[in-house]
Amino acid sequence: MNILVDQKNNFKANFGYIFRSSGIFYCPSNVKTTMSVMNYFKEKNFLEVGGIITQRKIDGELISRENVEFKDANVLNFVFESAAECSVEIEFFCNQNLRIPYAAVMAFYESEHSVSIIHNYCRNHSLIELEEKHALLNGRETCWFVSDTNRLSNNNFVAVFHNGHSLLPSQTFKLKGTQKDQKDILIEGEMPELRPFETYKFELNKILKESSEEIQSGAIWFRLEFESLSSFPRLLLIEASSNGEVQVTHSDIDYESIGTNVVSGGVGYTKIPHIMREVHKPILEVDPGYPQNARIFVSTDKNDKVPHGNGSYYHLDTINSVTFTEQNQKLPSRIHTALSGFFDEASLVPFRSCLGIVHKERPPKHTHWFPFDLKYSPTLEITAYSEIYPPISSLIEVTFKLYTPDTLNIFECVITYERLEDVPQSFPITEIISLTGARINIDQPHYLLMNSNYGGFFAFVSHTSSASISIEHTF
């Protein structure tokens, strides 16, 4: 397949003319699903937008469509909680170039025993993108990781695909399973014809049950191959237990099938947030979906150096940083990594948070924003990539702005630090709110925006319920 996803275009937001920014989400039955978005259009780019939110049945049939706008508040929250599953599309429009077609929307999935948060993962391409061939339609998706194959017998695993505006003919999909030092297993199945905007679920347990392929005990990475005609083929990955625990994450591009550019002489890093010290069985998972001609070596701060091979994971009890190099000094610009772990020993479903690596071609990032819900004791987790972005000589200044769903007022505070080492690795959100002088009066997601004169931070937000934890990176 002669396709190259050039990360330099992503860093430059080089997506062509974008006057519509959107996302599609799956709403499971009997799981409270809240889609949350802040008016970052105005905050970051001084743009005024109008929006539409559309709810559809799983077969694509329209249920409702409503106009949405940031008229009375800087945060919009949309709650869906029903016995019937559905999909929800959120679209924002502007008469100026929005630059990025992916709307920065977060979704909270809440059940009786868990909370899980994920950013926008799928969208319907515009006709302009399709005509100019800016749309990636080849579904070559990886990152469907199961750390222990014993859970395949006990939990339910589903990958959710949202078809776009085109009728999608029936096709044969391929599921590949990769286990360390084992021959890959390959399973083919039939994907039915999909109506416009229909939602399709790859049911992993059913696919494996109907196959004669033998899976060994241990960890396994699954990859899916299929085609789309109008929507971005990223998948929502759901793992659910019989007692109601639910965790979501997303797939990502399989760069063994779809190429990416290299960073000559590059070194990649993944920093581990402090909160991973508090979870049960914390690991960093490194996906096998990278270019076949690359020879990747992985080093931890234990001074080891091992070849990556066809997938690996590392226990994080005492690891703060992981380093990636390539034998011929040609590091792939994208290597998929993810944090994973359990809330405690009794947990049946682990959380998973996608990361990737940071290298010298990633531009400094000074602004981060993220939602939080106070009933889940959220914390801001901050890591610093000083190997790539050297500490600055001046004081480090961090500005926090609080945006709420009940007012247009913005609450602000500024914190200064003498050195990079003085910046807290973990910051309770309640402390930041207190410094802004704001009072939160409603039980809904709010947003914080963090801006700093140091561009080497990578941040996460954690949410903890009585029986689960979710960790998600910021926008």
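Both backbone and side-chain heavy atoms feed into the values below; hydrogens, waters and symmetry mates do not. Numbers here are sequence positions counted from 1.
Looking at His162 and Thr199, their side chains do bring a donor and an acceptor atom within 3.5 Å of each other. Side-chain polar atoms of Trp221 and Glu285 form a donor-acceptor pair below 3.5 angstrom. Side-chain contact, Asn451 with His366: no donor N or O sits under 3.5 Å from an acceptor N or O. A side-chain N or O of Glu141 and one of Ser251 form a donor-acceptor pair less than 3.5 Å apart. For the residue pair Glu381/Thr383, the side-chain donor-acceptor check at 3.5 Å is not satisfied. Looking at Thr260 and Ser333, their side chains do bring a donor and an acceptor atom within 3.5 Å of each other. Counted by atom type alone, His250 and His119 present one or more donor-acceptor pairs between their side chains at under 3.5 Å. Of the N and O atoms on the side chains of Arg234 and Tyr102, not one donor lies less than 3.5 Å from an acceptor on the other residue. In summary, the side chains of Ser462 and Thr379 do present a donor paired with an acceptor at a separation below 3.5 Å, with no hydrogens or angles considered. Side-chain contact, Ser114 with Ser111: a donor N or O sits under 3.5 Å from an acceptor N or O. Of the N and O atoms on the side chains of Asn124 and Ser231, not one donor lies less than 3.5 Å from an acceptor on the other residue.
In this structure, CE in Met38 is found 6.5 Å from CH2 in Trp369, a value given to the nearest 0.5 Å. Here the CD1 atom belonging to Ile415 is positioned 10.5 Å from the CD atom belonging to Glu397, to the nearest 0.5 angstrom. Asp148 CG to Ile220 CD1: the interatomic distance, rounded to the nearest 0.5 Å, is 11.5 Å.
We find that Asp422 and Arg419 are joined by a salt bridge, their nearest charged nitrogen and carboxylate oxygen being less than 4.0 Å apart. A salt bridge does not link Asp59 with Lys57: none of the charged nitrogens is closer than 4.0 Å to a carboxylate oxygen. A salt bridge does not link Arg65 with Glu89: every distance from a Lys NZ or Arg NE/NH1/NH2 to an Asp or Glu carboxylate oxygen is 4.0 Å or more. A salt bridge between Lys401 and Glu43 is present, with a side-chain N of the basic residue lying under 4.0 Å from a carboxylate O of the acidic one. Between Arg223 and Asp287 there is no salt bridge, since no side-chain nitrogen of the basic residue lies less than 4.0 Å from a carboxylate oxygen of the acidic one. For the pair Glu225 and Lys176, the salt-bridge criterion is not met [side-chain N within less than 4.0 Å of a carboxylate O]. Using a cut-off of 4.0 Å between Lys/Arg side-chain N and Asp/Glu carboxylate O, Arg56 and Glu198 are scored as not salt-bridged.
Residues Ile319 and His315 approach most closely at CD1-O, 3.2 Å, considering heavy atoms. The heavy-atom pair separating Phe460 from Thr474 by the smallest distance is N-CG2, 4.1 Å.
Thr300 places no side-chain N or O within 3.5 Å of a backbone atom of Val322 that could act as its donor or acceptor partner. Although no hydrogens or angles enter the test, the distance criterion places a donor-acceptor pair under 3.5 Å between the side chain of Asn74 and the main chain of Leu408. Side-chain N or O atoms of Tyr269 include none that pairs as donor or acceptor with a backbone N or O of His359 at under 3.5 Å. Panel note: side chain Lys281, backbone Ile283; no donor-acceptor pair is recorded below 3.5 Å. Judged by distance alone, the side chain of Thr404 and the main-chain N or O of Asn409 form no donor-acceptor pair under 3.5 Å. Listed for the Thr149 side chain is a donor-acceptor partner under 3.5 Å among the backbone atoms of Gly218. In this structure, Asp344 contributes its side chain and His280 its backbone to no donor-acceptor pair below 3.5 Å. Checking side-chain atoms of Gln179 against main-chain N and O of Gln216 turns up a donor-acceptor pair under 3.5 Å. Arg140 places a side-chain N or O within donor-acceptor distance of the main-chain N or O of Phe226, the cut-off being under 3.5 Å. Under a 3.5 Å cut-off, the side chain of Asn205 and the backbone N or O of Leu152 do form a donor-acceptor pair.
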- Item | Steps toward side-chain hydrogen bond (donor to acceptor under 3.5 Å, both in side chains) verdict (Thr34, Asn77) | CA-CA 6 Å; Thr34 304; Asn77 294 313; over 6 Å; no

- Tyr290 and His308: CA distance, side-chain angles, deciding distance, side-chain contact (heavy atoms from CB on, under 4.5 Å) verdict: CA-CA 10 Å; Tyr290 64 93; His308 172 36; 3.1 Å; yes

- Message: Would Phe197 and His165 count as a side-chain contact (heavy atoms from CB on, under 4.5 Å) here? Give the steps.
- Response: CA-CA 6 Å; Phe197 298 108; His165 61 266; 3.8 Å; yes

- Task: Determine, step by step, whether Lys206 and Lys201 satisfy the side-chain contact (heavy atoms from CB on, under 4.5 Å) criterion, reporting the C-alpha distance in whole Å, the side-chain angles of both residues, the deciding distance to 0.1 Å, and the verdict.
- Result: CA-CA 11 Å; Lys206 183 178 179 180; Lys201 292 184 290 186; over 6 Å; no

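More than 12 heavy atoms of other shown residues, nucleotides or ligands fall within 6.0 angstrom of atom CD in Glu421. Counting heavy-atom neighbours within 6.0 Å of Lys174 NZ, excluding the residue itself, gives a total of 12 or less.
Using cut-offs of 30° and 60° for the angle between ring planes, the Phe41 and Phe92 rings count as tilted. Aromatic ring pairs are classed by plane angle as parallel below 30°, tilted from 30° to 60° and perpendicular above 60°; the pair Tyr313 and Phe145 is tilted. A perpendicular orientation is assigned to the rings of Phe232 and His125, their planes being inclined by more than 60° (bins at 30° and 60°).
Between Gln247 and the choices Ile118, Ile469, Val349, Leu348, the side-chain contact (heavy atoms from CB on, under 4.5 Å) rule is met once, by Val349.
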